[in-house]
Amino acid sequence: MVCCRETDTIRIENVKDLCCGTEIKGYVKNVNAKGCFIMLSRVVEARITLSNLSDEFVENPQRNFPVGKLVHGRILSTDLSSGKVDVSLKKSTGSKIENLDGISFSDFHVGDIIDGQVKRVESFGLFVTIQSSELVGLCHVSELSDEPILDIYSCHKAGDVVKAKILKIDEERHRISLGMKKSYFDSDMINGTNDGDEHKIVPMDMNHTPQIVELHNSGVLHKSEPRPSVLPLQVSLDDSEGSDQEDDNKGHENAHVTEANTKKSEKQLKKKARKQRELEISAIEKRALQQDIPQTPDEFEKLVRSSPNSSFLWIKYMACLLDLADVEKARAVAERALKTISPREEEEKLNVWVAYLNLENEYGSPREDAVKKVFQRALQYCDRKKVHLALLAMYERTEQYELADELLDRMAKRFKTSCKIWLCCIQLALKQGKDVEFIKSIVNRALLSLPQRKRIKFLSQTAILEFKCGVPEEGRSRFELILREYPKRTDLWSVYLDQEIRLGDPEIVRALFERATCLTLPPKKMQFLFTKYLKYEQSQGDKEREAYVKQKAMEYVQTSLPTQGSP
């Protein structure tokens, strides 16, 4: 093996001619969203993953590394048996031993404010690299904002520079939990903790981006960055569960806490804890997989034998086979997974069924019949409503709107008492630009089918969808009708105000705040409304309006206090 530092004068005829650290030149052969291949000679080519293209974040590899471009890099690794060569174009070595400022876990404390860069976006949160170090923290989706996050992929992307507060440090497990809620920083400003050394803000070094692990060259699953396109084995049920419609009110229910049902709250807490545990297990599996990335079916076989109930591993195995263009073996793996995973692991089985649906939707022939067969089988083993929602989400993602409409018609008849199903009907109709009369007909059908206790929730969520889909006039009319019947529901006022604030017309927003703060409500609810009003004016930067809101709140307090007798 030739261990030289330059290949300018050496003709590379074999992988044996290369060694780790050798500096090379090559021409880009092809490029995709996960990296590129370069030709070192007529017979030797090398792979460069997305994370090794540059020291800085590369948003568009096709634009920055067009075919035919000459690049300079160094050899990372060679595999003589397979002939694979990995190359890095980074100027830095990327060694974890080289910690830029010697920063470690002991340098941070709970409550510190740090700057960082988003390394990866997942459905359960953000992985954030702390500046000038190799340390990566997790900001769970529940800690991203004081308001509910409807779509994490639209709010954040890999490469974003963010500010976060350290919530927890686990040195034994090498984990850092972060929070990005605005209230964390507001409270620090009030307490004066941002000015000293106790909570230090470290500037972000944009030239240092740690390595992001990639699973495949051109795999069908891509976890390192958000993606606009639909991938064949995408199995997230966030869209199909209808969380976009149903979670928008949860952040405002504190104002209505006096009317909350204790048993329902306990049930929600248990459900949230269970879901949080599932996310933690999934994250552990992903980290374990990334530490020792399997490259061949044999390596995946060892993994699925050690963790037979992990849908994540089975789906990765299917993706690996699809990379090798072996669709039949991918189907066989899906069948094995469904037989192997324990019947008690309902969510894991459902994930595999959804991956199977996506596989047939991409590679089935004829596609519609193949998907229908898998769908009918899934109905026999999983929750029927969840399977219907998963198929609907797949049709929407792949823009098969005719099939989606047909499916929704059947779902509306089968699950006619489900608020979620009717909201899916409204959302799809708005997405396709249906006229107002068509939307009204769906609303009327829903109100006839839904039980009384679900009707207010359905109407308010419909109004939110109308605001978001470009018909705010209809949303306003619907909110006005609801508040005419329930004027003391501060949670409805709060959601209505949020939609108007999102549109950004100060006159309409202030007129609505004036109406809300003139109501005769219990002190806690009035405090909530005045606080929201004040925060809005502070965000607008109008000092006179801030003083006006404070004065109005003081007047309410004085008029609501009981008359004091003489001593």
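What you see is a predicted model, and the numbers here were worked out from it, not measured in a lab.
Side-chain contact between D498 and K532: present, with at least one pair of heavy atoms (C-beta onward) separated by less than 4.5 Å. L389 is listed as a side-chain neighbour of I421, based on a closest heavy-atom distance under 4.5 Å. Counting heavy atoms from C-beta on, the side chains of Y548 and E537 never come closer than 4.5 Å. Side-chain atoms of I464 and F479, non-hydrogen and from C-beta on, do get closer than 4.5 Å to each other. Residues P451 and T417 are in side-chain contact: their nearest non-hydrogen atoms beyond the backbone lie under 4.5 Å apart. Using a 4.5 Å cut-off on side-chain heavy atoms (C-beta onward), I439 and E466 make contact. Using a 4.5 Å cut-off on side-chain heavy atoms (C-beta onward), V443 and L459 make contact. Considering only heavy atoms from C-beta on, R384 stays 4.5 Å or farther from M411 through its side chain.
To the nearest 0.5 Å, atoms CD (Q427) and CG (L423) are separated by 8.5 Å. Rounded to the nearest 0.5 Å, atoms NE2 (H388) and NZ (K420) are 14.0 Å apart. Atom CG in L534 sits 12.5 Å away from atom CG in L529 (nearest 0.5 Å). Here the CD1 atom belonging to I442 is positioned 9.5 Å from the OG1 atom belonging to T462, to the nearest 0.5 angstrom. The line from CD of E555 to CD of Q551 is 4.5 Å long, rounded to the nearest 0.5 Å. Summarising the geometry, atom OH belonging to Y184 is positioned 8.0 Å from atom NZ belonging to K165; distances are rounded to the nearest 0.5 Å.
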F124 vs H140, ring-ring contact (aromatic ring centres under 6.0 Å, His included): CA-CA, chis, key distance, verdict: CA-CA 6 Å; F124 53 84; H140 191 265; 7.3 Å; no

Candidate pair E480 and Y496, rule side chain to side chain donor-acceptor pair (under 3.5 Å), full reasoning: CA-CA 9 Å; E480 293 293 341; Y496 188 9; 2.9 Å; yes

Worked verdict on V128 versus V162 for side chain to side chain contact (heavy atoms under 4.5 Å, CB included): CA-CA 8 Å; V128 178; V162 296; 3.9 Å; yes

Chi angles and distances behind the side chain to side chain contact (heavy atoms under 4.5 Å, CB included) call for S460, V495: CA-CA 8 Å; S460 62; V495 175; 5.8 Å; no

Test side chain to side chain contact (heavy atoms under 4.5 Å, CB included) applied to I166 and I176, step by step: CA-CA 7 Å; I166 296 179; I176 299 178; 4.1 Å; yes

Test side chain to side chain contact (heavy atoms under 4.5 Å, CB included) applied to V110 and L167, step by step: CA-CA 5 Å; V110 174; L167 304 180; 5.8 Å; no

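Screening E514, K552, E546 for a side-chain hydrogen bond (donor to acceptor under 3.5 Å, both in side chains) with Y533, the sole residue that qualifies is E514.
With hydrogens and angles disregarded, a donor-acceptor distance shorter than 3.5 Å links the side chain of D146 to the backbone of S183. Side chain of W353 to backbone of V387: no donor-acceptor contact under 3.5 angstrom is found. Under the 3.5 Å distance criterion, the side-chain polar atoms of K349 are matched with a main-chain donor or acceptor of I341. Checked by atom type and distance alone, the side chain of D160 pairs as donor or acceptor with a backbone atom of K157 at under 3.5 Å. In this structure, the side chain of S418 does not engage the main chain of F415 through any donor-acceptor pair within 3.5 Å. Listed for the W493 side chain is no donor-acceptor partner under 3.5 Å among the backbone atoms of T517. Under the 3.5 Å distance criterion, the side-chain polar atoms of S310 are left unmatched by any main-chain donor or acceptor of S307. Side-chain atoms of R455 come within 3.5 Å of backbone atoms of L447 as a donor-acceptor pair (strictly under, hydrogens ignored). Side-chain atoms of D112 come within 3.5 Å of backbone N or O of H109 as a donor-acceptor pair. Of the possible donor and acceptor atoms, none in the side chain of D542 sits under 3.5 Å from a partner among the backbone N and O of Q538.
The two residues R445 and A412 make their nearest non-hydrogen contact at NH2-CB, 4.0 Å. Pairing each heavy atom of S311 with each of V352, the nearest pair is CB-CG2, 3.9 Å. What you find for F528 and T490 is that their closest heavy atoms are CE2-O, 4.2 Å. Considering all non-hydrogen atoms of both residues, P343 and E346 come closest at O-CG, 3.8 Å. Here the closest heavy-atom approach between residue N351 and residue I315 is recorded as O-CD1, 3.8 Å. For Y536 against P506, the heavy-atom pair with the smallest separation is OH-CA, 3.3 Å.
Note on E122 versus R120: salt bridge recorded, some NZ/NE/NH1/NH2 to OD/OE distance being below 4.0 Å. Salt bridge D491/R489: present, at least one basic N to carboxylate O contact under 4.0 Å.
The 12-atom threshold is not exceeded at OH of Y381, counting heavy atoms of other residues, nucleotides or ligands nearer than 6.0 Å. Within a 6.0 Å radius of CD in Q432, other residues, nucleotides and ligands contribute more than 12 heavy atoms. Residue-environment remark: CD (Q527) stays at or below the threshold of 12 foreign heavy atoms within 6.0 Å.
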